[in-house]
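Okay, so here's the structure we're looking at.
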Amino acid sequence: MSGRLKTVGRRRIVVEACTEPCPIERGMRILGGKWTGSILWHIKDGPVRFNDLARMLGGASKKMIAERLRQLEERGLISRTVLQTSPVSVEYEVTEFGRTALRFLDELRIWSEALPEDALVYS
């Protein structure tokens with residue numbers, strides 16, 4: 001998993017290069033999309049309806065939220081339930097597999113909250 005550099009004479013070579021994708025890259029491909037972690041985090045406490053989630057994620061467009069929800073459902077991290085109400089509504093809930101990501105999302109939250117304000121650089 002971890003590529004290392006080794007010096008041979010005056011030349012540096014890579015030993016044990018990461019295969020594609022390495023475990024970190026694989027995890028980032030699953031959870032690294034914009035709003036993905038936030039969506040998972042906001043529905044961790046129980047089923048949440050789409051419009052309620054959209055209100056929780058003030059900066060995300062409904063189109064972006066819908067796209068991320070579809071991706072999370074396809075990856076097995078959340079489940080989608082259509083409610084037979086009038087009008088029809090949909091609820092989203094974290095699956096057991098999705099719950100496995102919550103521990104390190106919480107660690108990321110703690111780490112991020114501890115950063116000094118000037119360390120927060122967004123691209």
Side-chain angles (χ1 to χ4, degrees):
M1 152 63 209
S2 61
R4 296 180 299 144
L5 291 175
K6 179 180 177 183
T7 304
V8 176
R10 293 180 8 177
R11 196 163 173 233
R12 297 180 71 150
I13 61 170
V14 175
V15 179
E16 299 175 20
C18 290
T19 57
E20 181 61 31
C22 71
I24 297 296
E25 179 62 25
R26 185 172 174 229
M28 291 303 295
R29 288 181 186 184
I30 293 170
L31 291 176
K34 190 171 184 179
W35 299 106
T36 304
S38 295
I39 289 170
L40 199 57
W41 186 258
H42 279 78
I43 65 174
K44 71 181 180 359
D45 294 325
V48 176
R49 291 185 181 195
F50 181 88
N51 285 328
D52 292 333
L53 180 61
R55 284 189 285 276
M56 290 179 198
L57 301 168
S61 70
K62 288 186 175 188
K63 179 181 175 185
M64 175 64 72
I65 294 168
E67 182 180 317
R68 293 299 181 249
L69 286 167
R70 273 192 298 279
Q71 291 170 346
L72 287 165
E73 184 182 11
E74 287 171 2
R75 295 170 181 161
L77 295 161
I78 65 169
S79 63
R80 178 180 184 269
T81 304
V82 177
L83 304 173
Q84 299 305 315
T85 58
S86 182
V88 173
S89 19
V90 179
E91 285 185 334
Y92 297 90
E93 190 169 12
V94 179
T95 62
E96 286 305 311
F97 175 56
R99 292 200 173 284
T100 64
L102 294 176
R103 186 186 89 252
F104 61 83
L105 285 176
D106 192 38
E107 290 294 324
L108 180 61
R109 178 192 59 80
I110 292 165
W111 175 76
S112 180
E113 288 175 349
L115 291 173
E117 279 298 314
D118 61 351
L120 301 176
V121 179
Y122 301 100
S123 54

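- Counting all heavy atoms, side chain and backbone alike, L105 lies closest to G37 at CD1-O, 3.9 Å.
- By the 4.5 Å heavy-atom criterion applied to side chains, L77 and I30 are counted as neighbours.
- Rounding to the nearest 0.5 Å gives a distance of 14.0 Å between CZ of R80 and CD of E93.
- A 6.0 Å sphere centred on CZ of R26 holds no more than 12 heavy atoms belonging to other residues, nucleotides or ligands.
- Distance check, rounded to the nearest 0.5 Å: CH2 of W35 to NE2 of H42 gives 8.5 Å.
- From D52, atom CG reaches atom CG of L57 across 11.0 Å, with rounding to the nearest 0.5 Å.
- Two different hydrophobic clusters hold I110 and L40 under the rule that ILVMFWY side chains link at heavy-atom gaps under 4.5 Å.
- With rounding to the nearest 0.5 angstrom, the CZ atom of F104 is 5.0 Å from the CG atom of L31.
- Side-chain heavy atoms closer than 4.5 Å link hydrophobic residues (I, L, V, M, F, W, Y) into clusters, and following such links, possibly through other members, connects M56 to L102.
- Counting all heavy atoms, side chain and backbone alike, L83 lies closest to V88 at O-CG1, 3.4 Å.
- We find that K63 and E67 are not joined by a salt bridge, their nearest charged nitrogen and carboxylate oxygen being 4.0 Å or further apart.
- R68 and T36 get closest at one heavy-atom pair: CD-OG1, 3.2 Å.
- Residues V90 and T81 are not in side-chain contact: their nearest non-hydrogen atoms beyond the backbone lie 4.5 Å or more apart.
- Annotation: side chain of I39 is not in contact with side chain of Y92 (no heavy-atom distance under 4.5 Å).
- W41 and L115 sit in two unconnected hydrophobic clusters of ILVMFWY residues. Membership requires side-chain heavy atoms under 4.5 Å apart, directly or through other members.
- For the pair R49 (side chain) and S89 (backbone), a donor-acceptor distance under 3.5 Å is absent.
- A salt bridge between E113 and R109 is present, with a side-chain N of the basic residue lying under 4.0 Å from a carboxylate O of the acidic one.
- Panel note: side chain T95, backbone G76; a donor-acceptor pair is recorded below 3.5 Å.
- A donor-acceptor distance shorter than 3.5 angstrom exists from the side chain of T100 to the backbone of F97, with no hydrogens or angles considered.
- How far CZ of F50 is from CG of L69: 6.5 Å, rounded to the nearest 0.5 Å.
- Atom CZ of R103 sits about 12.5 Å away from atom CG of L108, to the nearest 0.5 Å.
- No donor-acceptor pair under 3.5 Å is formed between the side chain of R75 and the backbone N or O of R70.
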